[in-house]
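So that the names make sense, note that chain A is the first sequence line, chain B the second, and so on, each numbered from 1. Just so it is clear, the values below take in all heavy atoms, side chains as well, and ignore hydrogens, waters and symmetry mates.
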Number of protein chains: 2
Amino acid sequence: MSPQERTHATIVDVANRAGVAISSASAALNDRPGVSPSTRDRIRKVAAELGYVPSIRGRSLSTKRAFSVGFVVERDFAVLEADPFFGAFIGGIEETLEPNGYALSLQIAGSAESSLDRQVKLADARRVDGVFLSEIRIDDPRIEALRTRGLPAVGINPDAGFPFPAVRQDSAVAIHELVQEMVDLGHRRIAHVMGRESYVHTEQRLAAWRDAMSSAKLPAKTVVEGGFTYEGGVRAADRLLSRKQRPTAVFCANDLMALGFMNRAAELGLSIPDDISVAGFDGISVGEYIRPRLTSIRTDPRALGRESARVLLELIDGEAPADVEIPPATVLSRDSLGPAPR
Amino acid sequence: MSPQERTHATIVDVANRAGVAISSASAALNDRPGVSPSTRDRIRKVAAELGYVPSIRGRSLSTKRAFSVGFVVERDFAVLEADPFFGAFIGGIEETLEPNGYALSLQIAGSAESSLDRQVKLADARRVDGVFLSEIRIDDPRIEALRTRGLPAVGINPDAGFPFPAVRQDSAVAIHELVQEMVDLGHRRIAHVMGRESYVHTEQRLAAWRDAMSSAKLPAKTVVEGGFTYEGGVRAADRLLSRKQRPTAVFCANDLMALGFMNRAAELGLSIPDDISVAGFDGISVGEYIRPRLTSIRTDPRALGRESARVLLELIDGEAPADVEIPPATVLSRDSLGPAPR
DNA sequence: GCAAGAAGCCGAAACGTTTCGGGCTTTTGC
DNA sequence: GCAAAAGCCCGAAACGTTTCGGCTTCTTGC
């Protein structure tokens with residue numbers, strides 16, 4: 001069986017059958033002026049009869065548009081697997097893309113280099129009209145690559161000075177609230193398990209925690225890196241809980257690390273939240289399913305996806321969209337936070 | 001900023017600069033015969049200088065190929081979020097697609113109707129050369145839609161009689177082993193929490209469980225539906241554990257339901273695995289992170305993706321690939337299985 | 001009743017590639 | 001030394017759209 005045995009009706013077929021020029025058919029079908037109501041109807045009817053659907057290929061070539069946008073996910077498979085951001089974000093993107101006749105070209109890259117490479121290939125082959133930039137690193141090389149190519153891009157939670165339009169969801173306020181909640185519960189030694197180094201969102205969460213600590217007049221010294229993985233959380237627990245003056249509360253930069261931390265703490269004989277309080281970030285559904293249920297910070301990846309796509313489409317249309325700020329993340333209070341032990 | 005301000009080098013530019021005809025440039029760059037080594041080199045050099053990358057658009061139109069395949073995911077967001085299949089499967093697809101110059105067009109559909117609709121649109125607009133068919137339903141309408149359109153497709157774990165090439169991973173053997181393990185531990189009343197009705201994989205797992213039970217000469221009567229969701233698992237626990245003669249072991253058709261079941265059982269004062277044994281299906285990483293760790297059945301969505309893409313590409317190339325069977329799923333023994341209470 | 005304008009329609013070019021048939025030149029075989 | 005074959009290269013058509021300038025025909029305003 002050949003790849004395309006059944007041949008599709010083209011606009012030429014429609015035009016012929018309706019007895020008009022191709023240009024008239026095109027105008028009629030695209031709601032452009034210059035064709036009388038009666039011919040327009042006739043053309044429409046013929047098109048429907050023939051089951052005509054415009055070929056995105058011809059259209060692409062002619063309009064110099066791919067009608068497709070790209071998203072290169074750069075994440076370890078291990079992390080990806082337990083990551084809610086991914087699916088929800090894409091779902092949000094789709095909400096905007098679909099009604100606009102756009103499709104999403106998704107790629108998964110294992111490493112940063114390959115991620116850059118893939119992004120570049122998408123752009124150079126003119127496969128996409130624009131891309132989403134997520135999981136942004138400090139001095140991310142993708143930014144420069146995109147810039148020299150003049151490819152429209154939108155950043156998800158980038159830092160200040162980002163050269164493309166951005167969509168952001170503030171989480172600093174929620175982190176402040178969370179820390180304040182800990183303080184109100186009597187905690188004074190509050191540690192942070194930070195994410196993978198050199199990621200912008202790692203820094204953002206770290207900075208917010210630091211600010212919150214200093215607002216509470218507490219030292220923001222106790223930080224260990226957990227790399228956003230479960231195992232990182234386990235290691236962090238080992239490191240933090242072996243200290244003489246161990247923290248009584250821990251804020252982990254994502255839920256996966258919080259899970260690892262909790263499990264290791266339990267293995268070490270500590271009870272949560274009686275002996276130690278733990279909070280995560282992301283609000284993944286699994287946090288609801290474990291015991292104690294994980295207190296976290298709820299973000300809205302779906303809205304982030306929806307808005308990013310909207311901004312990207314505007315950018316592709318030649319507009320100059322302003323940055324978008326969606327409603328801030330909120331504290332998701334559950335059971336892993338308790339009063340500080342005395 | 002216009003969508004395409006920087007203009008890419010085309011094959012015409014290459015041909016002009018190299019002083020040859022376009023057809024020669026094309027032949028040279030595509031390793032086709034009919035051009036001397038020296039001119040070939042010259043053309044290649046010029047192409048490199050100009051940073052020439054063939055436009056997928058022009059190529060698509062000319063070759064009648066999209067160089068892109070489609071995958072429409074039809075799943076509730078709630079399920080999607082905690083689902084490992086998705087990310088790993090796509091990762092596997094990519095492993096095959098990327099070296100072959102193909103891209104993946106991903107869509108997420110909330111409902112079955114919309115899923116069909118999206119699939120059809122992808123096909124009719126000639127956006128893709130083929131599609132993956134996953135989460136197949138009994139009498140899935142997508143099959144017919146694909147058939148009438150003559151669009152290449154490959155099925156993931158379809159049932160017998162599926163009209164397109166298929167890639168399968170057997171799980172019946174593993175389910176047999178799992179049930180046998182339960183029997184060996186003294187269990188006699190073993191229940192099944194099945195997935196969402198009318199899905200092929202729901203039936204497959206149910207049938208395997210039934211077979212295993214009958215091999216062990218046990219009645220395969222106790223079945224409740226859990227719809228593949230966490231809440232379904234919770235409800236299943238309510239239903240099964242309120243019986244006078246409650247089961248001592250439960251096999252859930254996915255891990256998410258097993259999680260719900262375990263949590264509800266714990267809430268009802270039952271201890272796992274002392275009072276009741278629980279097993280899931282999928283082997284999601286979260287199963288490792290909860291206590292007790294969830295015994296499950298490990299599948300290999302990554303390999304499934306990799307092989308499906310391989311088969312799909314062959315099919316697109318006009319070959320007639322045979323069905324592929326990847327190594328079977330295995331039992332992932334952890335802590336949620338124990339001896340039957342007496 | 002007539003010039004000017006508008007409306008409706010058409011033909012052709014353009015987008016970037018591949019492919020095919022056909023000339024020209026060089027090599028080969030005898 | 002000559003015909004045949006091979007090798008190299010070229011021009012043009014085709015893929016399916018959109019778009020633009022121009023040609024008719026109709027309407028309008030006076």
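- Counting any heavy atom pair closer than 4.0 Å across all strands shown, A:Ile22 reaches a base atom.
- Contact check, B:Arg59 against C:dG16: no side-chain N or O comes under 4.0 Å of OP1 or OP2.
- Contacts between residues 23-33 of chain A and DNA chain C, counted as heavy-atom distances below 4.0 Å, involve A:Ser23, A:Ser24.
- Look at A:Arg17 and A:Glu49 and you find a salt bridge, because one of the NZ, NE, NH1 or NH2 atoms lies within 4.0 Å of a carboxylate O, short of that distance.
- Regarding A:Ile56, its CD1 atom lies at a distance of 15 Å from the C1' atom of D:dC15, rounded to whole Å.
- You'll find that the side chain of B:Ser62 is closest to C:dT17, out of C:dT17, C:dC9, D:dT18.
- Rounded to whole angstrom, the span from the CZ atom of A:Arg42 across to the C1' atom of C:dG8 amounts to 12 Å.
- The terminal axes of the helix from C:dG1-D:dC30 to C:dC30-D:dG1, fitted over 5 pairs per end, subtend an angle of 30° to the nearest 10°.
- Put simply, CG on A:Asp124 is 15 Å from P on C:dG16, counting in whole angstrom units.
- Between A:Arg149 and A:Asp129 there is no salt bridge, since no side-chain nitrogen of the basic residue lies less than 4.0 Å from a carboxylate oxygen of the acidic one.
- Residue B:Thr63 places no side-chain N or O under 4.0 Å from the OP1 or OP2 atom of D:dC15.
- When distances run from any side-chain atom of A:Val35 to the nucleotides C:dT17, C:dC9, D:dT17, the shortest one goes to C:dC9.
- Salt bridge annotation for B:Asp300-B:Arg302: absent, with no cationic side-chain nitrogen under 4.0 angstrom from a carboxylate oxygen.
- A straight line from CD1 of B:Ile43 to C1' of D:dC8 spans 11 Å, rounded to a whole angstrom.
- Remark: A:Arg142 does not engage A:Asp117 in a salt bridge, criterion side-chain N to carboxylate O under 4.0 Å.
- For C:dG16, neither phosphate oxygen OP1 nor OP2 lies less than 4.0 angstrom from any side-chain nitrogen or oxygen of B:Arg57.
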Show the atom names and distances, to 0.1 Å, of all donor-acceptor pairs under 3.5 Å that link a side chain in residues 104-112 of chain B to residues at least two apart or in another chain.
from	atom 1	to	atom 2	distance (Å)
B:Gln107	OE1	B:Arg118	NE	2.8
B:Ser111	OG	B:Glu113	OE1	3.3
B:Ser111	OG	B:Ser114	N	3.2

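- In this structure, A:Arg126 places its CZ atom 10 Å from C1' of C:dT17, rounding to the nearest Å.
- Salt bridge status for B:Arg44 with B:Asp31: present, with a side-chain N to carboxylate O gap under 4.0 Å.
- Rounded to whole angstrom, the span from the CZ atom of B:Arg127 across to the C1' atom of D:dG16 amounts to 15 Å.
- Using a 4.0 Å heavy-atom criterion, one finds that A:Val53 contacts the sugar-phosphate atoms exclusively.
- As rounded to whole Å, 14 Å separates atom C1' of D:dG11 from atom CD1 of B:Ile11.
- Distance check, rounded to the nearest 0.5 Å: OH of B:Tyr199 to CD1 of B:Ile138 gives 11.0 Å.
- For the pair B:Lys64 NZ and D:dG16 C1', the computed distance is 9 Å after rounding to whole Å.
- Ion pair A:Arg306/A:Glu95 flagged as a salt bridge, since at least one NZ, NE, NH1 or NH2 atom sits closer than 4.0 Å to an Asp/Glu carboxylate oxygen.
- Taking the nucleotide of DNA chain D with the nearest heavy atom to each of B:Pro37 and A:Tyr52, the more 5' of the two is matched to B:Pro37.
- Using the six-membered ring where Trp is involved, A:Phe89 and A:Phe85 have ring planes that are parallel, under 30° apart on the 30 and 60° scheme.
- Take the nearest nucleotide of DNA chain D for B:Arg40 and for A:Leu61: the residue whose nucleotide is more 5' is B:Arg40.
- Counting any heavy atom pair closer than 4.0 Å across all strands shown, A:Thr39 reaches sugar-phosphate atoms only and no base atom.
- The pair A:Lys45-A:Asp41 does not meet the salt-bridge criterion, since no charged nitrogen lies less than 4.0 angstrom from a carboxylate oxygen.
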